[in-house]
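Structure below; questions to follow.
FYI, side chains are in, hydrogens and waters are out, and symmetry mates aren't considered; it's all heavy atoms of this structure. So that the names make sense, note that chain A is the first sequence line, chain B the second, and so on, each numbered from 1.
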Amino acid sequence: MQLDPPPWGTLTLSKAIPWVEKRNRITLSNSQRIAVEKTMNNKVSVITGGPGVGKTTVINSILHIIRAKGIDTTLCAPTGRAAKRLSESTGQQVTTIHRLLEFHPLPFGFKRNADHPLDTTLLVIDESSMVDVILMNKLLCAVPDHAALLLVGDVDQLSSVGPGYVLADIINSQKIPISQLTEIFRQAACSNITTSAHTINTGHVPNVTNKEGISDFFFISAETAEEITDKLLNVVLCRLPLRFGFDPVKDIQILTPMNRGGVGAHSLNNILQSQLNGNAEPKVTRYGRTFSPGDKIVQIINNYNNDVFNGDIGIIRRINLEDNEAFVQFDDREIHYDFDELDELSLAYATTIHKSQGSEYPCVVIPLSMQSYMMLEKNLLYTGVTRGKKMVVIIGQKKALAIAVKTQRSMRRKTWLRERLRMP
DNA sequence: TCCTTCGT
């Protein structure tokens with residue numbers, strides 16, 4: 001079925017591509033043009049590549065060409081945040097996969113399925129590396145036979161928390177046409193973040209010659225959890241703000257492999273809250289968390305009424321003890337919370353690398369310790385490092401870094417999907 | 001042993 005011609009038939013791409021370039025006032029790179037052609041010429045295909053390679057530019061070009069032909073398209077993503085981001089960059093409606101399939105918690109199931117399929121001609125799934133095998137199965141069952149399918153994602157990022165290794169298996173099966181974008185446009189191609197991320201992907205420790213002022217990627221050696229924490233505080237509270245002008249709350253994001261433990265997100269959040277905002281008043285404690293004005297927080301469930309999504313980071317601006325209400329600033333919007341809604345928030349000075357997937361920050365600091373041995377792997381380090389736009393600092397044990405780049409946890413999953421896709 | 005999405 002995936003070998004059928006696409007539902008829009010054969011398009012004259014030698015005309016369509018210059019048309020879309022002119023219309024969107026862009027110039028596609030050679031690799032992007034090939035990706036557009038490959039996608040348009042196939043019913044099922046994959047676009048993969050890291051941050052800044054222009055996946056969104058390619059998606060936008062494809063959507064414009066196809067929609068100009070009157071073909072209806074549907075866009076979805078596994079998380080609310082990812083859906084919102086793609087919606088902003090394409091100007092089109094994007095929903096979570098669950099909403100698209102009309103998930104209902106009570107009978108626990110999806111209303112959309114093979115008997116009641118989606119009404120679309122092209123389905124685009126963004127951030128598809130985060131989709132596990134169960135959800136992908138439900139989604140593909142609901143795609144009508146005539147429709148085309150485009151999977152977009154970064155196969156080097158963390159694999160889905162749930163079972164499977166779907167995107168990588170599809171790519172490795174070599175049964176589906178793949179467009180692998182590698183050319184970097186967003187960060188400077190000479191950025192050490194970019195080259196380090198690439199080095200990590202090849203399974204090697206990135207170059208950590210520590211020359212401040214030249215590089216945007218640093219490694220600071222520390223052995224024990226206490227030493228890592230001390231150096232991290234010094235870097236976040238003093239060195240990065242003084243030397244590079246980063247604001248410890250607004251610009252710097254601490255990303256950890258784990259929640260628990262000495263260098264886990266919980267512990268670091270408590271320390272940073274008291275160091276950065278400990279004297280702020282008034283304080284409110286609900287659901288075991290204490291907040292005051294100035295605290296950095298993260299929304300932890302999707303709230304469609306307020307247009308705030310799981311992973312959105314904000315700052316508490318005001319707390320009104322008389323009316324039991326708090327006001328939180330997200331970008332340039334201020335959102336109102338009753339105190340009994342504060343279970344939607346948690347502290348965000350530090351967060352796990354898992355939760356950071358799909359977000360980017362000006363400056364990222366990653367504590368790396370053998371305490372998080374169970375979590376150390378290439379995809380984790382790659383995901384953490386590629387969240388940083390201007391600067392990345394890793395603080396911790398050299399041994400932990402060496403183990404992280406050598407370990408590939410996802411490969412241990414025995415999914416057999418690649419093999420099944422290869423079966424005739 | 002650890003990471004955690006989705007919906008009302």
Checklist entry - Under 30°, 30 to 60°, or over 60°: which ring-plane class applies to H336(A) and F327(A), parallel, tilted or perpendicular? => result perpendicular

Item to check | Derivation of the side-chain hydrogen bond (donor to acceptor under 3.5 Å, both in side chains) call for D154(A) and Y382(A) | outcome: CA-CA 11 Å; D154(A) 184 355; Y382(A) 169 85; 2.9 Å; yes

Item to check | N-O pairing of K390(A) and D251(A) below 4.0 Å | outcome: no

Next on the checklist: Rounded to whole Å, please give me the gap between CD in Q157(A) and P in dC3(B).
Outcome noted: 18 Å

Next on the checklist: Under 4.0 Å from OP1 or OP2 of dT5(B): is there any side-chain N or O of K355(A) that close?
Outcome noted: yes

Item to check | dC2(B) phosphate, OP1 or OP2, under 4.0 Å from N259(A) side-chain N/O | outcome: no

Checklist entry - Considering only side-chain heavy atoms of H354(A), which listed nucleotide, dC3(B), dG7(B), dT5(B), is closest? => result dC3(B)

Next on the checklist: Rounded to whole Å, how long is the line connecting atom CD1 of I301(A) with atom C1' of dG7(B)?
Outcome noted: 10 Å

Item to check | Whole-Å gap separating C1' (dT5(B)) and NZ (K138(A)) | outcome: 16 Å

Checklist entry - Just checking F110(A): base, sugar-phosphate only, or nothing, at a heavy-atom cut-off of under 4.0 Å? => result nothing

Next on the checklist: Between P on dC3(B) and NE2 on H266(A), what's the gap in Å once rounded to a whole number?
Outcome noted: 7 Å

Next on the checklist: In whole Å, I'd like the distance from the CZ atom of R412(A) to the C1' atom of dC2(B).
Outcome noted: 12 Å

Next on the checklist: With a 4.0 Å cutoff (strictly under), does any side-chain N or O of Y373(A) reach OP1 or OP2 of dC2(B)?
Outcome noted: no

Next on the checklist: Taking 4.0 Å as the cut-off, does a side-chain nitrogen or oxygen of R99(A) come that near to OP1 or OP2 on dT8(B)?
Outcome noted: yes

Checklist entry - In whole angstroms, how far is the P atom of dG7(B) from the CD atom of E102(A)? => result 13 Å

Next on the checklist: Taking 4.0 Å as the cut-off, does a side-chain nitrogen or oxygen of T352(A) come that near to OP1 or OP2 on dT4(B)?
Outcome noted: yes

Checklist entry - Reckon P78(A) touches a base, only the sugar-phosphate, or nothing at all at heavy-atom distances under 4.0 Å? => result sugar-phosphate

Checklist entry - Do any side-chain nitrogens or oxygens of T96(A) fall under 4.0 Å of OP1 or OP2 in dG7(B)? => result yes

Next on the checklist: Heavy atoms from C-beta onward define the side chain here; which of dC2(B), dG7(B), dT5(B) lies closest to that of R260(A)?
Outcome noted: dC2(B)

Next on the checklist: Rounded to whole Å, please give me the gap between NZ in K84(A) and P in dT5(B).
Outcome noted: 16 Å

Item to check | Heavy-atom side-chain proximity of T57(A) to L28(A) below 4.5 angstrom | outcome: yes

Item to check | Plane angle bin for F108(A) and F103(A) - parallel if under 30°, tilted between 30 and 60°, otherwise perpendicular | outcome: perpendicular

Checklist outcome for this item: Comparing M374(A) with G80(A), nearest DNA chain B nucleotide closer to 5' gives the residue M374(A)

Item to check | Whole-Å gap separating P (dT8(B)) and CG (N302(A)) | outcome: 10 Å

